[in-house]
Number of protein chains: 2
Amino acid sequence: MALGKDYATQECSIARALEVVGERWTLLVVRDAIYGVRRYNDFLVHLGIPRAVLSDRLRTLTEQGILEKRRYQEAPPRDEYVVTERGTALWPALRALSQWGREHADAGRLRSFRHADCGGDVGPYGTCADCGTPVPVADVVMVPGPELDTAPEDPVSRALLRPKRLLEPLETEPAHLAD
Amino acid sequence: MALGKDYATQECSIARALEVVGERWTLLVVRDAIYGVRRYNDFLVHLGIPRAVLSDRLRTLTEQGILEKRRYQEAPPRDEYVVTERGTALWPALRALSQWGREHADAGRLRSFRHADCGGDVGPYGTCADCGTPVPVADVVMVPGPELDTAPEDPVSRALLRPKRLLEPLETEPAHLAD
DNA sequence: CACATGGGTTCAGTAAACGAACCGACAGTG
DNA sequence: CACTGTCGGTTCGTTTACTGAACCCATGTG
């Protein structure tokens, strides 16, 4: 991880995982990638992260095979960062953290997760509260809660005011349409 | 969290959770607490963490209600840090991270988790692979895997070479018995 | 041509982590 | 009583990381 000392001495798969995704901002970048954010600028404005740190995290996550950088247009050259299977495999951990946050750090509910097939809530074990089946990340729909800012600054937050199926690319308005 | 900038602008329960437990070392302290580590020195030698950082994390986690500091002997005064319900509620997140680590960052298996009642593996959704029921943290037994160091330096790692039921206090040998 | 956009890099200042040293209260040993 | 060791810390100088602002470059647009 760095800082002179890493967790390498730890014989523990939690430590190994945190060695990869435990740095500041890293899990939030992965979260956004799973939410469908793909472009540098969208990560930037949504996270409010310093550019140098974002560049570093995107590079590291790409090297780790959690994101994949790919050119989606040639002129001008533009790349996007798409979450890989290795990255989506972090979804259960993010979902569990989100659950804990809802129960122990939030006042109200900010967003919740629903099973796309039947509309049931995704329960504490990642299974659908209605139909009982485990919900894969691609079948999760994130729906906004009552405590969200209704007119956020950044276009990513605005796009996330509508229900959003995870993994699908997020469509943000071009900047010149901003109020 | 600090560093001048926190995640406070994030309307997201993952960010709220990471605001509390996202700092370096914090989740490993919670992990150890769930494994049954309770004493300052045991955290210290098992984690290999700088003392100042450990003191800070224990204080912060206590303030957050994730650990509870309590006096267990008067002369000399000795305190222990016991994980609270709020702390054990982080178990699903830790288990999911562990799962990811096993699949994507480990070579072999270091430790695994079993359902105490029936001996079945705790599966990817936190349910027992044998009997199918969700396994609460108190019913999890951690068993050592083949890749562990068989003669580790610190007494905590030595104690964890035997199967260990989570949450129960860990019994470490007194230092003068070390080889 | 001027200006905006996307995707970065560079750099100085600040905050955090590191590791070694130190400390106080007590217990056990000789 | 002195000596040694344990436990649970604090202090402090050094190294590393994060932050925020400025800058850069290629391209497209009015």
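Bear in mind the structure is a predicted one, so any value in this text is a computation, not a measurement. Order of the sequence lines fixes the chain letters, A, B, ..., with proteins taken first and strands second; residue numbering starts at 1 for each chain.
In this entry the distance linking CG of Leu47(B) with P of dG19(C) reads 13 Å, nearest Å. Summarising the geometry, the separation between CZ on Arg71(A) and P on dG7(C) is reported as 10 Å, rounded to the nearest angstrom. For the pair Gln73(B) CD and dA25(C) C1', the interatomic distance rounds to 12 Å; values are reported in whole Å. Atom CG of Leu54(A) is separated from atom P of dA17(D) by 18 Å (rounded to the nearest Å). Atom CG in Leu44(A) sits roughly 13 Å away from atom C1' in dT5(C) (whole-Å rounding).
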Would you tabulate the pairs of protein nitrogen or oxygen atoms and nucleotide nitrogen or oxygen atoms of nucleotides 8-10 of chain D closer than 3.5 angstrom?
| residue | atom | partner | partner atom | Å |
| --- | --- | --- | --- | --- |
| dG8(D) | OP2 | Asn41(B) | N | 3.2 |
| dG8(D) | N7 | Arg51(B) | NH2 | 2.9 |
| dG9(D) | OP2 | Tyr81(B) | OH | 2.9 |
| dG9(D) | N7 | Arg51(B) | NE | 2.7 |
| dG9(D) | N7 | Arg51(B) | NH2 | 2.8 |
| dG9(D) | O6 | Arg51(B) | NE | 3.0 |

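Other members of the cluster containing Val82(B) do not exist, because no ILVMFWY side chain is joined to it at under 4.5 Å. Clustering of Ile, Leu, Val, Met, Phe, Trp and Tyr by side-chain heavy atoms under 4.5 Å joins Val141(B) with Val143(B).
Contacts of Arg39(A) classified as side-chain hydrogen bond (donor to acceptor under 3.5 Å, both in side chains), with partners at least two apart in sequence or in another chain: Tyr72(A).
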Give the table of side-chain donor-acceptor pairs shorter than 3.5 Å for residues 118-132 of chain B, with sequence neighbours excluded, one pair per line with atom names and distance.
| residue | atom | partner | partner atom | Å |
| --- | --- | --- | --- | --- |
| Asp121(B) | OD1 | Arg114(B) | NE | 3.4 |

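Taking side-chain N and O atoms only, Trp25(B) has a distance below 4.0 Å to OP1 or OP2 of dC18(C). Here Arg24(A) does not reach the OP1 or OP2 of dA16(C): none of its side-chain N or O atoms lies under 4.0 Å away.
Listed by first and then second residue, the side chain to side chain donor-acceptor pair (under 3.5 Å) pairs involving residues 26-38 of chain A are Thr26(A)-Arg57(A), Arg31(A)-Gln10(B), Asp32(A)-His46(A) (not counting sequence neighbours).
Residues Trp91(B) and Phe113(B) bring their aromatic ring centres within 6.0 Å.
Within 4.0 Å (heavy atoms only), Val53(B) reaches sugar-phosphate atoms of the nucleic acid but no base atom.
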